[in-house]
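Just the heavy atoms: all of them, side chains too, but no hydrogens, waters or symmetry mates, feed the values below.
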2 protein chains.
Amino acid sequence: MAPRPTSTAGPSTKERILAAALDLFSQRGYTAVSVRDLARAVGIKESSLYNHFSSKEEILTTIYANFRAGLQSSLPPVAALDRLLEKYDPETFLQQGFQLFQQNVSNPAIMQAWRIVHMEQYRDPVAQEILLTEIYGRTVSFLEEVFRRLIAAGRVRPFDPQLLAVEYQYPVFALMTEYAIRLTDEQGLAEVEQRVQAHIAFFISLVRS
Amino acid sequence: MAPRPTSTAGPSTKERILAAALDLFSQRGYTAVSVRDLARAVGIKESSLYNHFSSKEEILTTIYANFRAGLQSSLPPVAALDRLLEKYDPETFLQQGFQLFQQNVSNPAIMQAWRIVHMEQYRDPVAQEILLTEIYGRTVSFLEEVFRRLIAAGRVRPFDPQLLAVEYQYPVFALMTEYAIRLTDEQGLAEVEQRVQAHIAFFISLVRS
DNA sequence: GTCTATACAGTGATAGAC
DNA sequence: GTCTATCACTGTATAGAC
């Protein structure tokens with residue numbers, strides 16, 4: 001079959017393979033899922049799968065790449081910070097961290113990729129780098145800049161901006177991980193969301209000047 | 001060979017298998033390590049390994065059990081709390097959380113088991129339970145009781161004790177995980193330790209009354 | 001308790017017909 | 001782009017000699 005033959009076509013085979021891989025890898029881990037499992041889930045033969053990816057590893061690499069791309073777009077550019085900080089008071093601005101949290105955890109593909117990266121982090125240097133650099137590093141750098149400006153504007157007490165960034169963000173990450181574990185747990189989301197809210201409120205009440 | 005034949009005997013074969021399993025599982029993950037790999041690392045044949053464990057899974061179960069047992073002994077009993085809180089001021093007491101951190105991260109077997117449990121948490125309900133109940137749940141309950149008493153004694157501002165427990169502990173866990181990723185990184189320990197210290201100092205300065 | 005030998009299902013991947 | 005067929009290899013586990 002030619003790729004995407006009609007205008008009403010659903011997802012391409014390649015996309016269906018990636019969806020199945022997200023699903024299975026996030027449940028069992030990369031190593032425990034075989035190419036046969038993947039092919040069966042998609043409804044094609046193993047050999048057909050190799051028409052879309054040259055190896056099992058390349059599927060994982062593609063998942064990483066998509067996850068990275070999604071992360072890039074989730075933080076506003078630093079250039080836009082001044083305008084945003086003028087527009088919103090610190091509470092409102094930091095509360096938007098909660099909306100970012102909600103936005104991420106309610107996107108199944110993101111949470112599946114999050115699980116996969118966390119599972120593979122110890123054995124796969126690429127996963128490790130995504131986690132340490134792209135997620136932890138990037139977010140903390142961004143927030144550090146936010147706090148630097150909030151302190152300069154006299155809206156936050158003069159603590160070390162990097163310390164503030166870590167104190168604000170690490171509990172959020174920990175709660176995202178806790179939510180990722182409970183993905184199948186219906187009431188998990190509401191409870192975790194409420195705890196993120198509590199954290200943000202507590203944090204703001206302590207550091208505002 | 002009879003078990004532990006002489007008084008100068010080193011570790012038993014069973015212990016050597018467990019050590020090799022901690023090593024390999026923590027690096028590559030349970031699924032990616034084969035019984036052949038384990039036997040080779042110990043220096044015996046696969047078939048000999050089955051004289052000590054009835055299955056590969058039983059090795060993992062034993063690692064979990066040992067990890068659990070180690071955790072049980074790492075928190076003081078609640079019964080001893082009043083005496084400890086009388087003896088130490090809040091700063092000193094909470095600083096001891098740092099010593100617990102140091103004690104854990106400097107024990108390779110604990111950090112290897114920590115890695116394994118984190119790797120397997122998404123696919124293995126037992127790992128999940130250890131993490132959510134034994135580690136997160138137990139520690140937070142303990143600290144909740146600590147803060148309840150510190151508040152009652154007028155030494156800490158009257159926030160929700162459970163919120164305080166989470167705010168104190170989650171960054172510590174996040175930093176332990178970050179340290180676990182960098183296990184092989186020589187300078188990682190010093191940097192992470194310093195950040196744990198900074199977190200504790202920051203936290204105490206904000207909540208003390 | 002360790003070994004050799006073996007069973008046998010599952011693994012990632014390829015060749016070549018359609 | 002999918003299929004059938006097949007490959008060499010690795011997976012966990014067992015039987016039985018020493």
Side-chain angles (χ1 to χ4, degrees), chain A residues 1-25 27-64 116 119-120 123-124 126-127, chain B residues 1-64 116 119-120 123-124 126:
Chain A
M1 209 189 290
R4 331 285 328 260
T6 78
S7 58
T8 57
S12 70
T13 303
K14 188 160 188 169
E15 286 163 346
R16 288 193 298 135
I17 293 170
L18 283 173
L22 269 178
D23 223 59
L24 294 178
F25 289 169
Q27 284 173 44
R28 300 187 221 155
Y30 172 77
T31 316
V33 175
S34 70
V35 177
R36 287 209 227 294
D37 293 332
L38 279 175
R40 196 179 314 127
V42 177
I44 58 174
K45 298 295 173 187
E46 299 102 278
S47 50
S48 301
L49 198 147
Y50 285 95
N51 257 311
H52 303 276
F53 296 94
S54 69
S55 68
K56 185 188 173 188
E57 176 114 41
E58 206 197 32
I59 301 176
L60 185 60
T61 304
T62 306
I63 289 177
Y64 287 159
I116 294 170
M119 276 190 198
E120 307 304 328
R123 60 159 206 92
D124 184 345
V126 178
Chain B
M1 209 189 289
R4 330 286 330 260
T6 78
S7 57
T8 57
S12 69
T13 303
K14 188 160 189 169
E15 284 162 347
R16 290 194 297 134
I17 293 170
L18 283 173
L22 270 177
D23 223 58
L24 294 177
F25 290 169
S26 69
Q27 285 173 43
R28 301 186 220 155
Y30 172 76
T31 316
V33 175
S34 71
V35 176
R36 283 206 237 284
D37 293 331
L38 278 175
R40 195 179 314 127
V42 176
I44 58 174
K45 298 295 175 187
E46 298 102 281
S47 51
S48 300
L49 198 147
Y50 285 93
N51 256 312
H52 304 275
F53 295 94
S54 69
S55 68
K56 184 188 173 190
E57 176 113 43
E58 206 198 32
I59 301 177
L60 184 60
T61 305
T62 306
I63 289 177
Y64 287 159
I116 294 169
M119 276 189 197
E120 308 304 327
R123 58 158 209 92
D124 184 345
V126 178

Between [N] ([atom2]) and [X] ([atom1]): distance, integer Å:
X     : N      : atom1 : atom2 : result
B:I59 : D:dT12 : CD1   : P     : 10 Å
A:R40 : C:dG10 : CZ    : P     : 9 Å
A:F53 : D:dG1  : CZ    : P     : 12 Å
B:E58 : D:dT14 : CD    : P     : 12 Å
A:I44 : C:dA13 : CD1   : C1'   : 14 Å
B:E46 : D:dA13 : CD    : P     : 11 Å
A:L49 : C:dA15 : CG    : C1'   : 17 Å
B:R36 : D:dC9  : CZ    : C1'   : 9 Å

Go through [options] for me and flag the one nearest to the [X] side chain.
X     : options               : value
A:S34 : C:dG12, C:dC3, D:dA13 : C:dG12
A:K45 : D:dT14, D:dT4, C:dC3  : D:dT4
A:Y50 : D:dG1, D:dT14, C:dG12 : C:dG12

At 4.0 Å (heavy atoms only), tell me whether A:V42 reaches a base, stays on the sugar-phosphate, or touches nothing.
nothing

With a 4.0 Å limit, can you tell me whether A:S48 has a side-chain N or O closer than that to the phosphate oxygens OP1/OP2 of D:dG1?
no

Could you tell me whether the side chain of B:L60 reaches within less than 4.5 Å of the side chain of B:V126, counting heavy atoms only?
no

Got a donor-acceptor contact below 3.5 angstrom from the B:R28 side chain to the B:V33 backbone?
no

Assess the residue pair B:D124 and B:Y64 against the criterion (side chain to side chain contact (heavy atoms under 4.5 Å, CB included)); give the C-alpha distance rounded to whole Å, side-chain angles, the decisive distance to 0.1 Å, and a yes or no.
CA-CA 11 Å; B:D124 184 345; B:Y64 287 159; 2.9 Å; yes

Checking only heavy atoms, does the side chain of A:S47 share a donor-acceptor pair with the base of D:dC3 at less than 3.5 Å?
yes

Under the side chain to side chain contact (heavy atoms under 4.5 Å, CB included) rule, what do A:R123 and A:T31 come out as? Steps first, then yes or no, please.
CA-CA 11 Å; A:R123 60 159 206 92; A:T31 316; 3.9 Å; yes

Specify the closest pair of heavy atoms between A:R16 and A:V42, including all atoms of both residues, with the distance to one decimal.
NH1-O, 3.1 Å

